[in-house]
Amino acid sequence: MWQGAGVDAASLLDRATPGPLVGLVVAPDGAVAIATGDGVAVIEPPNAFETVARADRETGPRWVIWSQSTASALVAEGVRLARAWDLVAVHRLLFGGWESDPGSLWARAQDLPTDRLPVDRAPNLFDQPDPAEDASALAVTEAGYLRAEWVGGAWAESSERIAEWARLALDLAQRQLTLIDRLPNPTRALATARAESAVELLCAELAVDGLPLDRTIATSIIEAAAGPRPRDEAHAVAIRAARDEAVLRHAPPGSHFDLRSPAQVKSLLRRVGIEVADTRAWRLEALREDSPLVDALLVWRKAERMATTYGYGWLDEHVGSDGRLRGAWSGADGAAGRMTATAGLHNLPAELRPAVVAVPGHVFVRADLGQIEPRVLAAVSGDPALIASTAADDMYVPVARDLGVDRATAKVAMLGAMYGQTTGRGAQALRGLQRSYPVAMEYLESSDRAAQVGTDLRTFGGRLVRMGVANANATSERVLRSHAAARGRFGRNAMVQGAAAELFKQWAVTVRARGELLDARVVLCLHDELLVHVPDANAEAAAAMVTECLQEVAHRWAPHQAAGGPSVRFTAEISTIGCWADAKG
DNA sequence: TGCGGCTATTG
DNA sequence: CACAATAGCCGCAG
């Protein structure tokens, strides 16, 4: 029931037992609104954050937040929530796509047409708002949409509005719950929704905590590859020119080629008698002996990349004076719902990994999932023979035996099947896969067929993978077919990659929760790898905890065990290391 | 200035 | 050189 702002926050929260949803809004000025089924309260600074932190510890509600930005505002004040319901994260699970504004979330959840979404009309000379009728006082329009002014920031203009914004968040979460209940497997989708929400909390923390990185080591690696730090712009130009000259001195005298232009590099290679379809490194590698220019060019490429993407600019922009590499994290980017990160956190060259060093008195516990995608395929398809093969530490060994081929061929074939390869060695072994694992292969092929004709897919965990409409413009039959085939490969892979991402994230947030008592912090999530930063004294306990979390999550996640059948086995290689580059073990 | 293509890096 | 991602630079259209 609506009681308006001013209800005592403590008494509201006292009545909330662990589990129920509690709307939570943080205004730019630090005021906090809390909404339960019993009413709404607004807490003004300076006690607002402390009140939330205490409620999180003592009552343990599942906080409904509009998006990761609420979590970020709280983390900035030192408040790390245990449980959340992130409306954007759940919206992406339910509907796919990348919408994140509250107006769209609200409309989609209420089944309102989004092409009639209210737009914020900036006031101008000819369209003065009528002060007599303050229509914007209400958050919801007559048609049931969220008013654009509110979405655009008017929600924060008064205590009453902040309170209303928290109440609306709670309303929307309850609406999302009913939508989840209509999905094919509501129980599993609910677990996904909760994990995806917790991932947003983790993302907010990853962005603030950063990855420990030794600036001195990083600088020396960059210096070795790209030269000294330029003193000024002229020096930078001189270094670039010198780098270019090392290649161009192998070119015909007087010629002018821009090494940064692939077309001109192709021309340059032609001048020395080398004809290539493109100038990618793997192609040029074979021609390294043919001309000193090719070798010089490949060396140049390495140095140029280090100088541009991971050079001093990168160091200055993303590595703080406290020795932390920080980027922005997304809990479910891309259609399949993997985590993504900026600042090179997900594609840091192996060359730079020696710079990722635990702070003194700490170590990293590094955990790598083994062969996650074929194991996930076994789980989501329920193929009994493939499930049986997951009992092995290296599941490609039994797969090779089943197929009557060597291990390398079995691995290429399995990856080819999951990626949609139709040519080469993998394609030949495909028939063997279809014979040995008909259920798994049909799972992939039916996903492929659906995606080809533009039918949306839903992952094992319930995420909608939107396929978009086929482009039927004036293109040739051949082009249309190749686009359809590409959609098919995308869809087939999204079902495996997406489910793997869901399992990984449940693992990551379980480690986050369980790590608190050990001062163990997740500092990097890398699709199938977790890096946990922990005090020396707790290293052993943390390593055991990470393993236990995986077994727990896998047990809950893989359904066949629950049904009394054989279970899919998941394994993780755990190492306790001082530096990310250190050998495993 | 925005966008597609090419290239390199990672899982 | 299949599936996914971020990121930088070039060349071209507007």
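Chain letters run A, B, ... following the sequence lines, proteins first and then strands; every chain starts at 1.
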**OP:** Would you mind telling me which residue lines up with the more 5' stretch of DNA chain C, A:Phe490 or A:Glu304, judged by nearest nucleotide?
**Re:**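 Its nearest nucleotide lies further toward 5', so the answer is A:Phe490.
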Subject >> Nearest-nucleotide 5' precedence on DNA chain C, A:Thr342 against A:Ala336 >> reply: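 Mapping each residue to its closest nucleotide by heavy atoms, the 5'-most match is A:Ala336.
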Original post:
Can you find a heavy atom in the side chain of A:Asp214 that is under 4.5 Å from one in the side chain of A:Thr219?
Top reply: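 No, side chains not in contact.
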Touch class at under 4.0 angstrom, heavy-atom based, for [X] against every strand present:
X        : value
A:Ala494 : nothing
A:Arg260 : sugar-phosphate
A:Arg301 : sugar-phosphate
A:Ala263 : nothing
A:Glu373 : nothing

Original post:
For the rings on A:Trp557 and A:Phe460, is their centre-to-centre separation under 6.0 Å?
Top reply: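 So the answer is yes for these two rings.
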**OP:** Using a cut-off of strictly less than 4.0 Å, decide whether A:Ser261 has a side-chain nitrogen or oxygen near OP1 or OP2 of C:dG11.
**Re:**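 So the side chain of A:Ser261 is within the cut-off, an N or O lying under 4.0 Å from OP1 or OP2 of C:dG11.
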**OP:** Would you tell me if any nitrogen or oxygen in the side chain of A:Arg338 comes within less than 4.0 Å of OP1 or OP2 on C:dA5?
**Re:**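 Looking at the OP1 and OP2 atoms of C:dA5, neither is under 4.0 Å from any side-chain N or O of A:Arg338.
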**OP:** Kindly check if the number of other-residue, nucleotide or ligand heavy atoms within 6.0 Å of CZ (A:Arg435) is above 12?
**Re:**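 For A:Arg435, atom CZ is not crowded (no more than 12 foreign heavy atoms under 6.0 Å).
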Subject >> Cationic tip of A:Arg305 above A:Tyr310 ring, under 6.0 Å, 45° of axis >> reply: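 No; the conditions do not both hold, so A:Arg305 does not lie above the ring face of A:Tyr310.
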**OP:** Please name all residues satisfying ring pair (Phe, Tyr, Trp, His ring centres under 6.0 Å) with A:His527, sequence neighbours left out, ordered by chain then number.
**Re:**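 Expected list: A:His346.
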Subject >> 5' to 3' contact window, DNA chain B with chain A (heavy-atom distance under 4.0 Å) >> reply: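 That gives a stretch of B:dC6 to B:dG11.
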**OP:** Answer yes when A:Asp406 and A:Lys411 have at least one side-chain N-carboxylate O distance shorter than 4.0 Å, and no when they do not.
**Re:**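 No.
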